[in-house]
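Written out below as C-alpha cells is the structure these notes cover.
When reading the values below, keep in mind they use all heavy atoms of this one structure, side chains included, and skip hydrogens, waters and symmetry mates.
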Amino acid sequence: MMLKMLRPMRLLRSRWLRPHAGLLLRRSLWQATPRGVAIGLACGVFFGILFPVGQILVALLAAAFLRGNLFIAAAGTFITNPLTVPFVYLGAHRLGRWMLEWSPREEIEAGVAAATRASEGLWTQMMNFDFGAATLHLATGLATSACVSAALAYVIGFFAIRWHQQRKAIAAAARQ
C-alpha cells in the first residue's frame, strides 16, 4: 500500500532522489518489523533534532542505508516542528552551556555581569554578545540531545512494535 502512495515514477523524476530510487523502493524498508521501526524512528528523531532544514531527506537516506522503516523515519522528524523548535533549541543551548561550563565561579561571574548589563541598552547587549560561544553551546547541546533522544527512540520503538505484534498475534489466536 505504501509503495503505491510513493509512486515510483515520481521518485525517478526527482533530481535528488533518482540516484537512490532503487534503494528507497525496496519493499523491506516499508514493512513494520521491530528492528526496522526502531532504526527508522531513531534516524528520524536524530536528524529531526540535529538539522533545522532537510531533515526528512537526510533521515530517509540514513534509514534506507541502515535498513530502517522509511515511513517511520520521515514521521520521526516531526519531533521538531514550528511549535517545538524554540523549546528544543533553548533546551539544547542550556544543556550545551551546562556541559561546557563546569565551574560555579564562572556562573557567579556571569550572573554579576548580567546584572550590570541589565542597565545597558539592548543594542549594546547585542553588540557584546558572544555568538561563537553560543553557537558552540547550541551545537554541543543539539548533538547530545540528538544522540540521547535517538537511543531512547530506538528502545521505545523496538519494544512498542514488538508489544503491538505480540498483542495482535494473541488476539488472532483467540479468534480461532
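Considering CD1 of Ile56 and CZ of Phe51, their distance stands at 13.5 Å, rounded to 0.5 Å. Going from atom NE2 of His137 over to atom CG of Leu142 covers 13.0 Å, rounded to the nearest 0.5 Å. Rounding to the nearest 0.5 Å places CG of Leu50 at 8.0 Å from SG of Cys147. For the atom pair CD1 of Ile156 and OH of Tyr154, the computed distance is 13.5 Å after rounding to the nearest 0.5 Å. We find the CG-CD distance between Leu60 and Gln55 to be 11.5 Å, quoted to the nearest 0.5 Å. Put simply, CZ on Arg175 and CD1 on Ile170 are 12.0 Å apart, with the number rounded to the nearest 0.5 Å.
Note on Val37 and Phe159: separate hydrophobic clusters, where clusters join Ile, Leu, Val, Met, Phe, Trp and Tyr whose side-chain heavy atoms are under 4.5 Å apart, directly or indirectly. Using a 4.5 Å cut-off between side-chain heavy atoms of Ile, Leu, Val, Met, Phe, Trp and Tyr, with links allowed through other members, Leu70 and Ile72 fall into the same hydrophobic cluster. When hydrophobic clusters are built by joining Ile, Leu, Val, Met, Phe, Trp and Tyr residues whose side-chain heavy atoms come closer than 4.5 Å, directly or via intermediates, Val45 is grouped together with Phe78. Cluster annotation: Val155 is connected to Phe158 through the hydrophobic network of ILVMFWY side chains, with a link wherever side-chain heavy atoms come within less than 4.5 Å.
Looking only at distances, a side-chain donor or acceptor of Thr77 sits under 3.5 Å from a matching main-chain atom of Ala74. Side chain of Thr80 to backbone of Gly48: a donor-acceptor contact under 3.5 angstrom is found.
Across Leu83 and Pro86, no two heavy atoms sit closer than the pair O-CD, 3.9 Å.
By the 4.5 Å heavy-atom criterion applied to side chains, Asn81 and Thr84 are counted as neighbours. Taking the side chain as every heavy atom from C-beta outward, Tyr89 and Leu138 approach each other to under 4.5 Å. Between Asn69 and Ile39 the shortest side-chain heavy-atom distance does not fall below 4.5 Å. By the 4.5 Å heavy-atom criterion applied to side chains, Thr33 and Ile161 are not counted as neighbours. In this structure, Cys43 and Leu66 have side chains that are in contact, with non-hydrogen atoms separated by less than 4.5 Å. Residues Phe46 and Ser149 form no side-chain contact, since every pair of their non-hydrogen atoms from C-beta on lies 4.5 Å or further apart.
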Between Ser145 and Leu95, does a side chain to side chain contact (heavy atoms under 4.5 Å, CB included) hold up when you go through it step by step? CA-CA 8 Å; Ser145 299; Leu95 175 66; 3.6 Å; yes

